[in-house]
Amino acid sequence: MNFDDIKSRSISELKDICEILRKRILEVVSANGGHLSSNLGAVEVSVAMHYVFDISKDPFIFDVSHQSYAHKLLTGRWEEFASLRTFGGMSGYTKPCESALDYFVAGHSSTSISLAVGAAKAIALKKEDRLPVALIGDGALTGGMAYEALNELGEIKLPCVIVLNDNEMSISKPIGAISNFLSQKMAGQFYQKFKSRVIKMLEYMPDAISYMARRAEEGFRLITPGMFFEEMGLDYIGPVDGHDLNSLISAFKTARQMKKPVVVHVQTVKGKGYKFSEGDMGKWHGVGAFDVETGESLAKKSDQKSATQIFSEELLEIAEKNERVVGLTAAMPSGTGMERLIERFPERFWDVAIAEQHAVTSMAAMAKEGFKPFVAIYSTFLQRAYDQVIHDVAILSMPVVFCMDRAGLVGEDGETHQGAFDVSYLNAVPNLAIAAPRDEVAFRALLRFGATFDKPLALRYPRGSFTADVLREDVLREECAKFESVKFAKGQVCRDGGGDFAFVCFGDGFGDALGVAREFKEAVLVDLVFVKPLDAELLVWLSQRCKTWFVFSQSARRGGVGEILAGFLQEKGICGVRVVSFEFDDCFVTHGKTELVKASLGLDTASLVSRVRAVLEALKVVS
């Protein structure tokens, strides 16, 4: 379907387009999964943006970009949209390699205003007639980076439009009817022109009159949601009904003509147009495949608990017994399993919103005060608090437990969300221990260990169930030793097949190794448990026993487990051991179903078996 002529459409036609877009989004997301409610709520906003601004030259910058589906459909990707989030198909986020009309890669929060400021500077230097337009959700405004950008934008005052998509009424809800009336008036061109003329006029007025007039204007702003932005030096328009195309178009035209930084505050209903998702703040934000008619999930239910469920259950049990245990998450209460603890102990567990830096530092202070903090953050999001991990936790060796959900492959979310780098970026930090469970039993034991450990500890665990638990009925699984109690910096030989090569595993990589070990029952199967510090005694023994180590860990190869082990051998002066890593190549891992992504990386069971056999044959281990 072609929307190239959208600027020539009537309001009635634009409304029809909105319904067409909603239907298409529902059709595809119900089949493929994805971000549903945020996209349904942003349809009219996206259509109005494309109607008023010039997408061929104006940078459209989507924060997180989990509300960019309508934009994708409006920019020539109608047919391709059917492949949303599938392997080899369209990304669920903006991606310039997918379309030149996607200005930037986005998947993490609170970056859009910084990008808009940078674009505005470049446009000014090049003296071009272009206008950056950033769409940011109110949730993203809980991230400190957004305020850093707003602070500079209010100072340099370069032309820029910030569209604040307020889909939870968190900004304007307390204001009331009078404020809403005044704010709607402020959204029109008449008010903005009147305001600019008054400001110019006041320059020539006596000081006393000017002072009184300015105080009156400030009084009006005190009962409007725009006070905060205007105090930062930004003009403000709104709130505007985000589903009223006339109001949106009028507000955007006003903002475009102002030639200065403007915040346009639009109010939308999350999940608009679909009865099951409308107004729902959590369940329908990100979904798997579902039946459009009933709203029921079509996902197959696993017999195994997810790692997140295990974390939630075990930490709740720990917290019940130890009142010094506290914890928080950064805008992911349900995704990390912290929701149950927040409900049970609201005075001890918190959701601090999209503020990972604050989350880590605040828990460092709680640790200093004698509490035991558990910080539940996705592996890919902890990257944003790296300095705080070093500066505020590790230097003083504060006993904070970092619970890194979604470590390893995460499937359809792709490059921005794969938990590939945590081993690499944390291994360099002194005083910090890094461990990973191979299954449910090990995970529960490590959480209990973490509750009493007196130093910083990072625990990484996968999205979904542990692979080893999924394979629990396999005969080979029964042959392996069960997890022993946690001993600091100690690994475990899980099975000694008598061969002279070893499968050295970390975390969920153990499950990957189990699948391969079916074909190589002579392999010595080792679970490191801790990758920092390493179990030196175990590894020295292993180096004498096995001259080839195959490393299984869902992490980046650069700085990963294989390189850590190779460095250990070098430091110990141990020669003659070959380390073969089956970690991720030096690339950003694409999106798609995890099994297809694994196959593309040569990390599915069949590929791994072939790779192991090729190495062994080359070494003349297998005749």
Side-chain angles (χ1 to χ4, degrees), residues 307 356 360 375-390 393-394 400-410 415-438 442-443 446 450 453 455-463 466-468 488-491 503-513 526-536 538-539 549-571 579-589 594 597-598 601 603:
E356 288 83 2
V360 171
V375 179
I377 297 179
Y378 291 2
S379 166
T380 185
F381 295 153
L382 188 62
Q383 294 163 185
R384 296 192 294 218
Y386 188 50
D387 181 55
Q388 287 66 37
V389 171
I390 296 171
V393 174
V400 176
V401 181
F402 296 102
C403 303
M404 299 183 295
D405 203 326
R406 271 66 166 176
L409 297 176
V410 299
E415 295 95 329
T416 57
H417 285 64
Q418 308 285 13
F421 307 112
D422 52 81
V423 172
S424 303
Y425 70 71
L426 290 176
N427 185 57
V429 182
N431 294 335
L432 177 67
I434 308 172
R438 67 178 185 245
F443 194 15
L446 278 166
F453 190 55
K455 294 180 176 63
L457 174 66
L459 297 177
R460 71 187 312 261
Y461 47 96
R463 181 181 190 177
F466 288 100
T467 306
F488 181 55
K490 288 296 180 182
F503 291 169
V504 184
C505 314
F506 186 57
D508 203 41
F510 183 85
D512 295 329
V526 175
D527 177 13
L528 291 172
V529 186
F530 288 86
V531 78
K532 183 182 182 184
L534 291 166
D535 186 342
L538 171 61
L539 293 176
W549 295 359
F550 296 99
V551 177
F552 295 80
S553 174
Q554 287 203 15
S555 49
R557 183 177 300 162
R558 296 291 184 225
V561 178
E563 290 191 0
I564 291 170
L565 291 173
F568 170 85
L569 293 169
Q570 184 179 35
E571 287 175 7
V579 177
V580 180
S581 171
F582 294 140
E583 295 169 278
F584 307 149
D585 289 334
D586 189 23
C587 64
F588 288 103
V589 180
T594 299
V597 173
K598 276 189 173 182
L601 297 171
L603 300 179

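For the numbers below, each heavy atom of this structure counts, side chains included, while hydrogens, waters and symmetry mates do not. Please read these numbers as outputs of a predicted model, since none were measured by experiment.
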Check: Given side chains that start at C-beta, do those of F552 and S581 come closer than 4.5 Å, heavy atoms only?
Finding: no

Next item on the list: Find the distance between OH (Y378) and NE2 (H417) and round it off to the nearest 0.5 Å.
Entry: 8.0 Å

Notebook entry, point to check: With the threshold set at 4.0 Å, does a side-chain nitrogen-carboxylate oxygen contact exist between E563 and R558?
Noted result: yes

Next item on the list: Output, in order, the C-alpha distance, side-chain angles, deciding distance and verdict of side chain to side chain contact (heavy atoms under 4.5 Å, CB included) for F402 and I377.
Entry: CA-CA 7 Å; F402 296 102; I377 297 179; 5.9 Å; no

Next item on the list: Measure the shortest side-chain to side-chain distance between F421 and Q383 over non-hydrogen atoms and say whether it is less than 4.5 angstrom.
Entry: yes

Check: Atom CG in L409, atom CD in Q554: separation rounded to 0.5 Å?
Finding: 4.5 Å

Check: Using 30° and 60° as the class limits, which term best fits the ring planes of F503 and F550: parallel, tilted or perpendicular?
Finding: perpendicular

Check: Got a donor-acceptor contact below 3.5 angstrom from the E583 side chain to the G560 backbone?
Finding: no

Item checked: F582 versus L603, closest heavy-atom pair with distance -> O-CD2, 3.4 Å

Next item on the list: Measure from the ring center of F530 to the ring center of F488 and say whether it is less than 6.0 Å.
Entry: yes

Item checked: Main-chain N/O of C587 paired with D585 side-chain donor or acceptor, under 3.5 Å -> no

Next item on the list: To the nearest 0.5 angstrom, please state how far the CZ atom of F584 sits from the CZ atom of R557.
Entry: 10.5 Å

Check: Which distance, rounded to the nearest 0.5 Å, do you find between the CG of L432 and the CD1 of I390?
Finding: 9.5 Å

Checklist line | Closest approach of P462 to A307 (non-hydrogen atoms, all atoms of both residues) | finding: O-CB, 3.4 Å

Check: Could you give the distance from CG (D422) to OG (S379), rounded to the nearest 0.5 Å?
Finding: 3.5 Å

Checklist line | pair V561-S555: side-chain heavy atoms closer than 4.5 Å | finding: yes

Next item on the list: Measure across A394 and P456 and return the closest heavy-atom pair with its distance rounded to 0.1 Å.
Entry: CA-CG, 4.4 Å

Margin query: Show, in sequence, the C-alpha distance, side-chain angles and deciding distance for Y425 and Y386, and conclude whether the ring-ring contact (aromatic ring centres under 6.0 Å, His included) test is met.
Written below: CA-CA 8 Å; Y425 70 71; Y386 188 50; 5.5 Å; yes

Notebook entry, point to check: Of all heavy-atom pairs between F506 and A435, which one has the smallest distance, and what is that distance?
Noted result: CZ-C, 3.7 Å

Check: Could you go step by step and tell me if L426 and V389 meet the side chain to side chain contact (heavy atoms under 4.5 Å, CB included) rule?
Finding: CA-CA 9 Å; L426 290 176; V389 171; 4.1 Å; yes

Checklist line | Side chain to side chain, L459 and V401, heavy atoms closer than 4.5 Å | finding: yes

Notebook entry, point to check: What's the shortest heavy-atom distance between A433 and F453, and which atoms?
Noted result: CB-CE2, 4.2 Å

Note to self: On a heavy-atom basis, which atom in G507 and which in A436 lie closest, and how many Å separate them?
What the structure shows: CA-CB, 3.5 Å

Next item on the list: Please answer whether the main-chain N or O of I434 pairs with a side-chain N or O of K532 as donor and acceptor at a distance below 3.5 Å.
Entry: no

Next item on the list: For the pair R463 and D405, evaluate salt bridge (charged side-chain N to carboxylate O under 4.0 Å, His left out) and give the outcome as yes or no after the intermediate values.
Entry: CA-CA 7 Å; R463 181 181 190 177; D405 203 326; over 6 Å; no

Next item on the list: Taking the side chain as every heavy atom from C-beta outward, state whether L538 and V526 have any atom pair closer than 4.5 Å.
Entry: yes

Notebook entry, point to check: Is F568 close to L539 at the side-chain level, that is, under 4.5 Å between some pair of heavy atoms?
Noted result: yes

Checklist line | Evaluation steps, side chain to side chain contact (heavy atoms under 4.5 Å, CB included), between Y461 and C403 | finding: CA-CA 8 Å; Y461 47 96; C403 303; 3.5 Å; yes

Note to self: When you compare the side chain of V400 with that of L457, does any pair of heavy atoms fall below 4.5 Å?
What the structure shows: no

Notebook entry, point to check: Would a distance-only check, ignoring hydrogens and angles, find a side-chain to backbone donor-acceptor pair under 3.5 Å from Q418 to V410?
Noted result: yes

Check: Would you call K598 and D512 a salt bridge, taking side-chain N to carboxylate O under 4.0 Å as the test?
Finding: yes

Item checked: Lys/Arg-Asp/Glu bridge criterion (N-O < 4.0 Å) met for D508, R438 -> no

Next item on the list: Start with the C-alpha gap between L565 and V551, add the side-chain angles, then the distance that decides, and say whether side chain to side chain contact (heavy atoms under 4.5 Å, CB included) holds.
Entry: CA-CA 9 Å; L565 291 173; V551 177; 3.8 Å; yes

Notebook entry, point to check: Donor-acceptor pair, R460 side chain versus G419 backbone, under 3.5 Å?
Noted result: yes

